[in-house]
Amino acid sequence: MSRRKITVLSAVGATAALALAACGGGSSTTTGGGGSSGASGFNAAVNGVVNPSSHKGGTIIFDNSSGPDSADAGNTYYAFNLNFTRLYATPLTTYKRCPGYTCGNNVVPGLATALGTPSDGGKVWTYHLKSGVKYEDGTPVTSQDVKYAVERTFDRTVLPNGPSYFASLLGGNAATYPGPFKNRSKNIMGLTAITTPDPSTVVFKLKQPFADFNYVVAFPQTAPVPPSKDKGTNYQLHPMSTGPYKFASYQLNKQMTPVPNPQWNPTWNPQVKQLASKIIVNLNVNANDIDNRLLAGDIQVDQAGSGVQAAARARILSSNTLKANADNPLAGFMWFYYINTKVPPLNNIHCRMAIEFAANKTNLQTAYGGPVGGAIASTAMPPTVKGYSKFDLYHAYTKPGGDTAAAKQQLTMCGHPSGFNMNIAFRSDRPREVASSTALQASLATVGIKANLKGFTAANYYGNFAGVPNYMHSHDIGMAAGGWAPDWPNAYGWGWALFDGGSIVPAGNTNIAELNDPAVNKLFVQLESATSPAASLSISKQIDLAVMKDAVFLPGVYVKSLLYRPPSLTNVTFNAYYGMYDYGVLGMK
């Protein structure tokens, strides 16, 4: 099972409705990828640091309209929670603390002294732990604790969330290992593919080379867990901290209160800071109330990190004062339509290309919220993914209203000069998808393609309909609306589950186009064993272009978010990987 199944089916299903509020516009202060200090004004935190400060003290209040999938760092997949767990959980690697779309996407050492050392052609990865790291109770962290942290994620009955990379990548007994919770008294053998030669060394042995393994261990599943403190599902109520904060209390679904961890040493992880004297996270708060509290300065952060709602958006954009405290970054999320390769006549590439040319990108963007919702897209990867390069095969920029002549030419080449009938699936409880699907239907009709709209509820959309190939085939659904965010910022972390033939499964399918192009599959294999950043970038660009040439992906918009930062908050900067403000460095004036 691909890790994308969890990313999109849970994170997108739960938060996409919030993630799409945004605003267009320029920045009053911009810099290169490295950012600047003391930035101010609209969009200042995208490439700079607003209110830089080392001041300690004060309380930062986060509100969230829902809650985390779990406060257990080994059992989470929501982007906002991956961001927040860095305050108390330190994985082997992490993402760099710096603004800008390029800099913040770089993985750096976390608990480990350096990035992993590969051997045996990339099948073995070795990490050495920093010396002296302790839990909040003063107990030393060992490599065995890191191994155990990974082992516990194998029991999906206890820890059902989070990615499943280790189960698919590790060799040895990983395919049958049940996790440590079953029959503990019988002392079941742990994962044989993870060894700990000494208390500060952990070695991972993979089934095959995997060049992106440093990204895999950046998930907080590698944050150490002391076996004696593990309470399974209830471990989330008080995870043992290795970060700058520890849990003082956690009322499930109501409130969590992290406070400074007295054992923490800043040298253990320079990517996070310990500034506030207290953090309060209020859960299940009404989204509009969150916005009102945020604009009033009663709270400092909307923890979901996906942008304000419509009412607050209008207030911010109509006030120069409020707008100066807002940012409009690309969120790393992309909205689009899959084009199925198995449903006739879309099994003919020219019929698919006719759709690409006929789509009115301006109307799709407008239906999605206009520049407020995102920028017109032309590629199969967003600009925040490494390897992206701007190209325009289907004239999204030169003819954003649609290229009718080119579409009709493709219809003739696919044997349907007068057009054809097809069905489009979308989520009927998502207003933007209703509006955009209606707009797409209208633009396709101009070249004779008659699209019937099939709406489904978001809760069952992927599990029962769009993600079930047999359902798509039997109901002649040629296109399906979708959204995506990368597990890590390159073509593999973005697109393997979308475009590789090996990702197609009978249910919970995420390669909804059912693309099984040998050339694309081969590129993903090459990416798995790429030995240099240059090679990885080159292959990523080839994947992006090849997918668009296959005409299986109709880009909609590169999604943007409108984020608000109260003036009382310090060290505010956008982190490209998480697609929101960097929660690991915030302080108060």
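Here the structure is a predicted model, which is why all the values come from computation and not from measurement. Counting begins at 1 with the first residue of the sequence.
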Using modelled atom types and a 3.5 Å cut-off, is there a donor and acceptor pairing between side-chain atoms of Ser437 and backbone atoms of Val434? no
Does NZ or CZ of Lys390 come closer than 6.0 Å to the centre of the six-membered ring of Tyr397, within 45° of the ring's axis? yes
Aromatic ring proximity Tyr101/Phe574, centre distance under 6.0 Å: yes
Is it the case that the side chains of Gln309 and Asn288 hold a donor-acceptor pair, with the cut-off being a distance below 3.5 Å and no angle test? no
Would you confirm whether the ring centroid of Trp335 sits within less than 6.0 angstrom of the ring centroid of Tyr368? yes
Has the side chain of Arg352 got a donor or acceptor atom that lies under 3.5 Å from a matching backbone atom of Ala551? yes
Can you confirm if the aromatic rings of Phe84 and Phe62 lie within a centre distance of less than 6.0 Å? yes
Is there a donor in the side chain of Tyr558 and an acceptor in the side chain of Thr384, or the other way round, less than 3.5 Å apart? no
Against Pro400, only a single residue in Asn363, Asn360, Thr362 fulfils side-chain contact (heavy atoms from CB on, under 4.5 Å); can you say which? Thr362
Enumerate the side chain to side chain donor-acceptor pair (under 3.5 Å) contacts for residues 579-589, please, sequence neighbours excluded, ordered by first and then second residue. Arg86-Asp582, Asp327-Tyr581
State, without any angle test, whether Tyr577 and Asn83 hold a side-chain donor-acceptor pair at a distance under 3.5 Å. no
Determine yes or no for a side-chain-to-main-chain donor-acceptor pair under 3.5 angstrom, with Thr570 supplying the side chain and Gly587 the backbone. yes
Judged by modelled atom types alone, do Asn81 and Thr76 share a side-chain donor-acceptor pair under 3.5 Å? yes
Non-hydrogen atoms of Glu514 and Pro469 that approach each other most closely: OE1-CB, 3.7 Å
Centroid separation under 6.0 Å, is that true for the rings of Tyr215 and Tyr492? no
Would you check if the distance from the ring center of Tyr165 to the ring center of Trp488 is below 6.0 Å? yes
Side-chain donor-acceptor pair present, Asp476, Asn423, cut-off under 3.5 Å: no
Please work out whether the ring planes of Phe80 and Tyr78 are parallel, tilted or perpendicular, with thresholds of 30° and 60°. tilted
Any chance NZ of Lys386 has more than 12 other-residue heavy atoms, nucleotides or ligands included, within less than 6.0 Å? yes
Between Arg427 and Glu433, does any side-chain N to carboxylate O distance fall below 4.0 Å? yes
